[in-house]
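Predicted model, so just to flag it, every value in this text is computed and none were measured. Labels below follow one simple rule: chain letters A, B, ... track the order of the sequence lines, proteins then strands, and each chain is numbered from 1.
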2 protein chains.
Amino acid sequence: MRVNQLAKNLNITGDTVRFYTRIGLLTPIKSEVNGYKDYSETDQSRMQFILSARNLGFSVDDIKVIFSRTDHGESACQIVRQMIVLKLQETEKQFQEMVKLRSKLTQAVTEWSTKPDQAPTGNMICHLIEGSANLSGANGGEHHE
Amino acid sequence: MRVNQLAKNLNITGDTVRFYTRIGLLTPIKSEVNGYKDYSETDQSRMQFILSARNLGFSVDDIKVIFSRTDHGESACQIVRQMIVLKLQETEKQFQEMVKLRSKLTQAVTEWSTKPDQAPTGNMICHLIEGSANLSGANGGEHHE
DNA sequence: TCTTGACCTGTGTCTAACACACAGGCTTAT
DNA sequence: ATAAGCCTGTGTGTTAGACACAGGTCAAGA
């Protein structure tokens with residue numbers, strides 16, 4: 001089957017299929033006659049797997065690692081179990097970041113509601129933003145590293 | 001002052017300063033003698049503003065818009081107020097996504113704990129991931145558009 | 001048979017916000 | 001003068017695809 005057929009089967013765009021082909025996760029056979037790539041059922045299964053993995057937040061590199069094992073017939077379950085624990089930790093971290101950001105934004109909106117507009121000066125661009133440098137949850141005195 | 005001095009003052013890397021210079025948000029004067037860029041106090045103020053804005057989740061493009069007004073002496077407060085409301089909405093959306101992802105991951109870990117490892121077959125790469133296609137909160141039957 | 005138009009394909013380039021690599025210039029001690 | 005060691009600007013890499021585009025292919029009509 002050809003790229004757009006596979007895409008339609010899985011309800012994704014042809015560009016997505018082409019992308020995973022380009023980086024080598026799908027290996028269709030290139031037709032000698034017209035140069036079109038011919039995708040097998042196996043390719044479709046792999047693409048479906050990729051979608052499931054991406055849906056769980058796995059990166060393309062993660063998926064490469066998984067395939068590098070399964071393509072040799074080895075089970076990837078063990079690494080996958082490790083990976084998902086890490087993913088969960090990362091997600092938790094990002095989640096906390098979101099919470100902080102959200103509270104910063106909410107607080108800024110609240111505080112700004114009582115402040116007037118103001119023209120910029122030489123060293124002050126927008127006093128609203130500049131005045132929000134030390135909101136609760138902000139990493140005010142933190143070192144960027 | 002030179003790039004690394006400014007960077008040190010604000011506790012960021014020289015690369016960050018160079019980045020904002022490259023895209024035109026900072027406009028140091030290029031020394032005729034050695035080609036080094038000379039940053040003013042104003043540049044440092046602008047850089048500090050950029051950091052505050054980024055800390056609130058504003059994008060570089062947002063910041064460009066803000067500067068395009070303040071560089072003409074106009075107040076940016078009004079746009080900034082609009083922008084932050086949008087930001088808050090976006091953040092809320094992303095927050096919900098994180099919640100969904102987190103619950104998917106948690107549920108996957110729980111479900112997988114009772115399942116054995118398994119070798120890949122022709123159309124099954126890792127039954128753990130493939131079996132998680134329809135977790136609660138997952139966009140199972142959703143159309144990717 | 002030829003042509004027209006619609007559809008399809010592969011490839012090159014773009015995205016955000018920096019981080020990293022690297023060749024060369026500058027400074028200071030010897 | 002020279003060697004070592006910072007310092008600088010610029011080119012490129014990063015995610016996961018999206019978009020643009022020139023050219024190929026195919027069925028219908030003349």
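For the pair B:Ile29 CD1 and D:dG9 C1', the interatomic distance rounds to 17 Å; values are reported in whole Å. Taking atom CG of residue B:Asp62 and atom P of nucleotide C:dA16, one finds them 11 Å apart after rounding to whole Å. The CG atom of B:Leu25 sits 11 Å away from the P atom of C:dC18 (whole-angstrom rounding). We find that CD1 of A:Ile63 is positioned 13 Å from C1' of D:dG17, with the value rounded to whole Å. To the nearest angstrom, C1' of D:dG17 lies 12 Å from CG of A:Leu51. To the nearest angstrom, P of C:dA16 lies 10 Å from CD1 of B:Ile23. Straight-line distance from the CG atom of A:Leu26 to the C1' atom of C:dG10: 15 Å, rounded to whole Å. Between the CZ atom of A:Arg18 and the P atom of D:dA20 there is a distance of 13 Å, rounded to whole Å.
By the neighbour-count criterion of 12 heavy atoms within 6.0 Å, atom NZ of B:Lys8 is sparsely surrounded, having that number or fewer from other residues, nucleotides or ligands.
The salt bridge (Lys or Arg N to Asp or Glu O under 4.0 Å) search around B:Glu97 returns none, not counting sequence neighbours. For B:Phe58, there are no ring pair (Phe, Tyr, Trp, His ring centres under 6.0 Å) partners two or more places apart in sequence or in a different chain. For A:Asp71, the salt bridge (Lys or Arg N to Asp or Glu O under 4.0 Å) criterion is met by A:Arg46, not counting sequence neighbours. Contacts of A:Glu41 classified as salt bridge (Lys or Arg N to Asp or Glu O under 4.0 Å), with partners at least two apart in sequence or in another chain: none. With sequence neighbours left out, the salt bridge (Lys or Arg N to Asp or Glu O under 4.0 Å) criterion links B:Arg2 to no other residue.
For the OP1/OP2 pair of D:dT10 and a distance below 4.0 Å, the side-chain nitrogens and oxygens of B:Lys30 include at least one atom meeting the criterion. Residue B:Thr13 has no polar side-chain atom (N or O) positioned under 4.0 Å from OP1 or OP2 of C:dC18. Under 4.0 angstrom from either OP1 or OP2 of C:dT11 there lies at least one side-chain N or O belonging to A:Lys37. Side-chain N/O atoms of A:Asn4 include one lying less than 4.0 angstrom from OP1 or OP2 on C:dT9.
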A correct 5'-to-3' footprint of nucleotides 24-29 of chain C, with B, S and - meaning base, sugar-phosphate only and no protein heavy atom under 4.0 Å, is --S---
Just by protein heavy atoms under 4.0 Å, how would nucleotides 11-16 of chain D read 5' to 3' in B, S and -? BB--SB
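The ring-ring contact (aromatic ring centres under 6.0 Å, His included) analysis of residues 62-115 of chain B, with sequence neighbours excluded, yields the pairs A:Phe95-B:Phe95, B:Phe49-B:Phe67. For residues 77-86 of chain A, every residue pair satisfying the side-chain hydrogen bond (donor to acceptor under 3.5 Å, both in side chains) rule, not counting sequence neighbours, is listed here: A:Arg81-B:Asp117.
Looking at A:Ser75, its side chain does come within 3.5 Å of a backbone N or O of B:Gln118 through a donor-acceptor pair.
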Please list, one pair per line, the donor and acceptor atoms closer than 3.5 Å that link side chains of residues 83-91 of chain B to other protein atoms, with sequence neighbours excluded.
unit_1  : atom_1 : unit_2  : atom_2 : d
B:Lys87 : NZ     : B:Gly57 : O      : 3.2
B:Lys87 : NZ     : B:Glu90 : OE1    : 3.2
B:Thr91 : OG1    : B:Lys87 : O      : 2.7

Would you give me the side-chain donor-acceptor pairs under 3.5 Å for residues 18-26 of chain B, sequence neighbours excluded?
unit_1  : atom_1 : unit_2  : atom_2 : d
B:Arg18 : NH1    : B:Asp15 : OD1    : 3.1
B:Thr21 : OG1    : B:Val17 : O      : 2.8
B:Thr21 : OG1    : B:Tyr39 : OH     : 2.7

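Recorded end-axis angle for the helix from C:dT1-D:dA30 to C:dT30-D:dA1 stands at 50°, based on five pairs per end and rounded to 10 degrees.
Put simply, the side chain of B:Lys30 does not reach to within 4.5 Å of the side chain of B:Asp38, judged on heavy atoms.
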